[in-house]
K.L.:
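My structure is below; once you've seen it, I'll send some questions.
Quick note: numbers below take in every heavy atom, side chains included, and nothing from hydrogens, waters or symmetry partners. One is the number of the first residue; the rest follow in order along the sequence. Counting starts at 1 for both ligands and their atoms, in listed order.
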Amino acid sequence: LGNLAVGEEVANLAAKVHRFNFLALSHRLFGDTCPLVSLSCFQTPQRIPYDEAVQQEFRPAAVGDAFGPTWWTCWFKVELSIPREWAGKEVHLLWDSDGEAMVWRDSQPVQGLTREGEKTSYILTDSLMETDPHNLNLYMEVACNGLFGAGKGTMIAPPDPDKKFTLNKVELVVFNRDVHELLVDFEILLDMAKHLGEKNQRSFQALYTANQMVNLCDVTDPSTFPAAHQLASAFFSQRNGESQHTIHAMGHCHIDSAWLWPYEESIRKCARSWVTVVRLMEKNPGFTFTCSQAQQLEWVRNWYPGLYAQIQDFARKGQFIPVGGTWVEMDGNLPNGESMVRQFLQGQRFFQEQFGKLCTEFWLPDTFGYSAQLPQLMRGCGIWRFLTQKLSWSLVNTFPHHTFFWEGIDGSSVLAHFPPGDSYGMQGFVEEMLKTVNNNKDKGRVNHSVALFGFGDGGGGPTQKMLDRMKRMKDVDGLPRVQMSTPDQFFSVLERDGSQLYTWIGELFLELHNGTYTTQAQIKKSNRECERILHDVEVLSSLALAQKSAFPYPATKLQRLWRLLLLNQFHDVLPGTCIQLVAEDAMTYYEEIRAMGTLLLKEAVQSLIGKLLPTGSETAESTVIMNTLPWERTEVISRTRPTGADTLVNFFASISFSPRPLTSPAPVACVESLDGSITMENGVIAAHLDSMGHVTSLHLVSSGRESVPEGSCANQFVIFDDIPLYWDAWDVMDYHLETRKPVTTLVKPLEIILPGGLRGSVRFSLQISEKSIITQEVILDAMCPYLRFLTQVEWNEAHKFLKVEFPVQARSMNATYEIQFGHLQRPTHWNTSWDWARFEVWSHKWMDLSEHGFGVALLNDSKYGASVHGNTMSLSLLRAPKSPDTTADMGHHQFTYAVMPHLGSFQEAGVIRYAYCLNFPLHTMPADSVQCPAWSAFCVSSPAVVLETVKQAEDRPGVLVARLYESHGSTVVTWLQTCLPVKEAITCDLLEQADPTGHLPLKELGVELSFTPFQVISVLLVLG
Ligand SMILES: [Zn+2]
């Protein structure tokens, strides 16, 4: 009460009330106790179902016993008998153990218990009746991990595999509800006295009320409690004026779908948290709870059908509120455009099917930045409201709003709110409610805020005490009004009153956790690869379906694979901030996508061109090649022919057969000089590499325009010390830049591997340290405008960051980075704190630095971290954090990037298409015949428009969805032409619902589509 010490009287009063409150009264919370009849247990390393567990042999157990180790499960059988003389009393089973427990009664989960989540008792009865069962058998399923896993020492340290868990206390107790109520009264009054401050009269009134209560109340005589409680109630019923701020309180329980514990444990975390919520709802009819992540609901639906039915009941009553609209709370930066769409498509379809309605708000409280394309994708999925709070974590700049309109790169706008308490896991304290108002930057424009309460991250959720606190703060003079509310009620009020709100345009960039663009490179690479695999399976299966209506489009299998991919995009998995167990789980899921995806590709190809494929073991004469991208490609492919010769082939859009070998107008030539340097040239570009693999010159042959500044080296590997303050896997701090060291130890000097013709290549190796080595093959193909760097790294570092730099002879204040279905600019200078806070940013397949008429693009096949400072473009390659996974990124890596100098703008130069080509290699298959004519399924007339996705519409066999977007940032009209038997074309939203006025006239050239910058358009194509 330091800030209240205006006089000794006040200080004395406060001390007196405090001593009475906590030392005397809290000892009376529990009355009589009674031991259990018996306790026995059974341990298992597996997470097994209840039915299986109760069949096992249970051995006697006792309080004080230790069990474990980490990740095991200890099942306890509890026999209890409630004393008859406790009639009329509230009786709890008190369970105080390490680990997270689920109480099972009559084969059903009934209560989650965790000490860290302030839940240690299961209420057996509110008031013991003669007719109540007095003898009970319960089971306790105790997971050997805490709410936050089992970190050794600190929370984010790698898990301690040998942790032991102890049962500290278990007994039956009489719970004195009246004492609990008085304790909450005192807490709120004292907190008001403390946090309202000495300038506020209400703080004194609160303190003097508490003092009067102490005077009235004899701790040893419960008959004096009601009068004291009455005094508090009188104080709490002194109302606010009309102008007071309203806080919309909503129960919440942030459950990371995997993080410091594996996916499997998250399933149980959901059950433990939500069964607790259901118990609270039974006792608190006004209690509302928001629940995001369709995947978690699907888990509970499958594993806990009884609990799920209760959840659906409370959802019908409007108390249990599904929110968010996505499959999981995904990373907000790295998933590609189509993945983002599928997060919403899978999520919204689940919510519609299971709860009868679509979510109207996107809910992503906890991820590491938000793509500027999200507003359009939300809008396309029936969502126009957005809630998060993570930007409060920004290290450098304070975001200027809590309630505002957020506008994306295409101009779509959504209403956004950041709960001003800067938390999604409040506990209903006075201090939090005051912070919510005081911290609110838009409180002059709107008079409403959200407060999300309930233990989170590892689950847990709300408690009765939190609810009891907020009940008292409903409308108390001096405090904001705290009302149970729903997202819809809250946003509806904003929509009514929000005419003066500001608009923020572009990305919501988190100035923290920038290491998450790079950490766990294998997860990121697999994500990119699996996005491609599912794209290709969908394109080819759609074509097979269009060709033969009997083709069994693998809708169910694709749904499973998509859901695995979407799950791995969870905001602690794709960012690489998870423990080793989770990284392993993720790789298993990716492996399933690869294996099943390959099989599905084969089936589609077999259906499409089975006649051409070799039937026996005879050597195939020709090659069939398929292009899943919607434009012509001219590329060199390696054919597995006895001669081993490469072939240059030209392709048509989408799919084509019988490659036409072309004679290259200008073959590649690799020429070595006496000093060991090598020149590679293909008539389009010419590169000069020194013996260390540096690109000392890279110029356009036609114009002679050089891209490497005089005296600089491109393709310069650099290594940094990378020691964040705390969040190891998450953060790369700005000060790492001060430790830049070029990698200069040569292991194998540059040598020519392929001297030229259709393909030329050179190779070299560099030593990073005693334990790490880079080997790179630099490849130039005939007619190709970019130089490709196929890179192998043996990486065994600790707290190091490897990047590659490309200084560029081009000057611009801004660089361009690809994002979902588009791109955006970020500054290349550090003028202001907002500029330098973006010293490390994210990008998808390409980034570009251009001045008028000329520029250089860097393409990549699996990297996301990047930066451009001044005229140096850097691609972030590998990190070596040790928490929460000591093994993160250790071992072998392979990745490719490419550099493409170009005339004109990157749009004119086709950078976007080349980046697609680098990421979507052609499919080649041996074939018997070359007599098949080339066939092209789709053609888009405007080079600005990308046909990104072709798939079967959900639940509508015989209808395809084609999704296109404008990629240049321009207003264009284009034709989408197809030779598929389309009888009807209708535009639709991202949930594939036809636009009522969306019928497109089919003309000879196909259908005509008009785009505004970065607009995404989906078209339903009804096959004839
Ligand atoms: Zn989280």
K.L.:
Can you tell me how far CG of Asn333 sits from CZ of Phe368, rounded to the nearest 0.5 angstrom?
P.N.:
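Here the rounded value is 9.5 Å.
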
K.L.:
What I want to find out is whether Arg301 reaches Glu298 closely enough, with some N-O distance under 4.0 Å, to be called a salt bridge.
P.N.:
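A salt bridge is present here (some side-chain N lies under 4.0 Å from a carboxylate O).
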
K.L.:
List in chain and number order the residues that pass side chain to side chain donor-acceptor pair (under 3.5 Å) with Trp259, two or more places apart in sequence or in another chain; answer none if no residue qualifies.
P.N.:
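Expected list: none.
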
K.L.:
Using a cut-off of 2.8 Å, find all protein N, O or S atoms closer to the Zn ion (ligand 1) than that distance.
P.N.:
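Protein N, O or S atoms closer than 2.8 Å to the Zn ion (ligand 1): His254 NE2, Asp256 OD1, Asp366 OD2, His571 NE2.
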
K.L.:
Could you list the donor-acceptor pairs under 3.5 angstrom formed by side chains in residues 322-329, with sequence neighbours left out?
P.N.:
unit_1 : atom_1 : unit_2 : atom_2 : d
Thr326 : OG1    : Val328 : O      : 2.9
Trp327 : NE1    : Gln295 : OE1    : 3.1
Glu329 : OE2    : Ser292 : OG     : 2.5

K.L.:
Is there any side-chain hydrogen bond (donor to acceptor under 3.5 Å, both in side chains) pair reaching into residues 143-156, and which pairs are they, with sequence neighbours excluded?
P.N.:
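As it turns out, the side-chain hydrogen bond (donor to acceptor under 3.5 Å, both in side chains) pairs with a partner in residues 143-156, which skip direct neighbours, are Glu100-Asn145.
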
K.L.:
Whether the His513 and Asp731 side chains hold a donor-acceptor pair (N or O, under 3.5 Å, no angle test) is what I'd like checked.
P.N.:
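Side chains of His513 and Asp731: pair found under 3.5 Å.
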
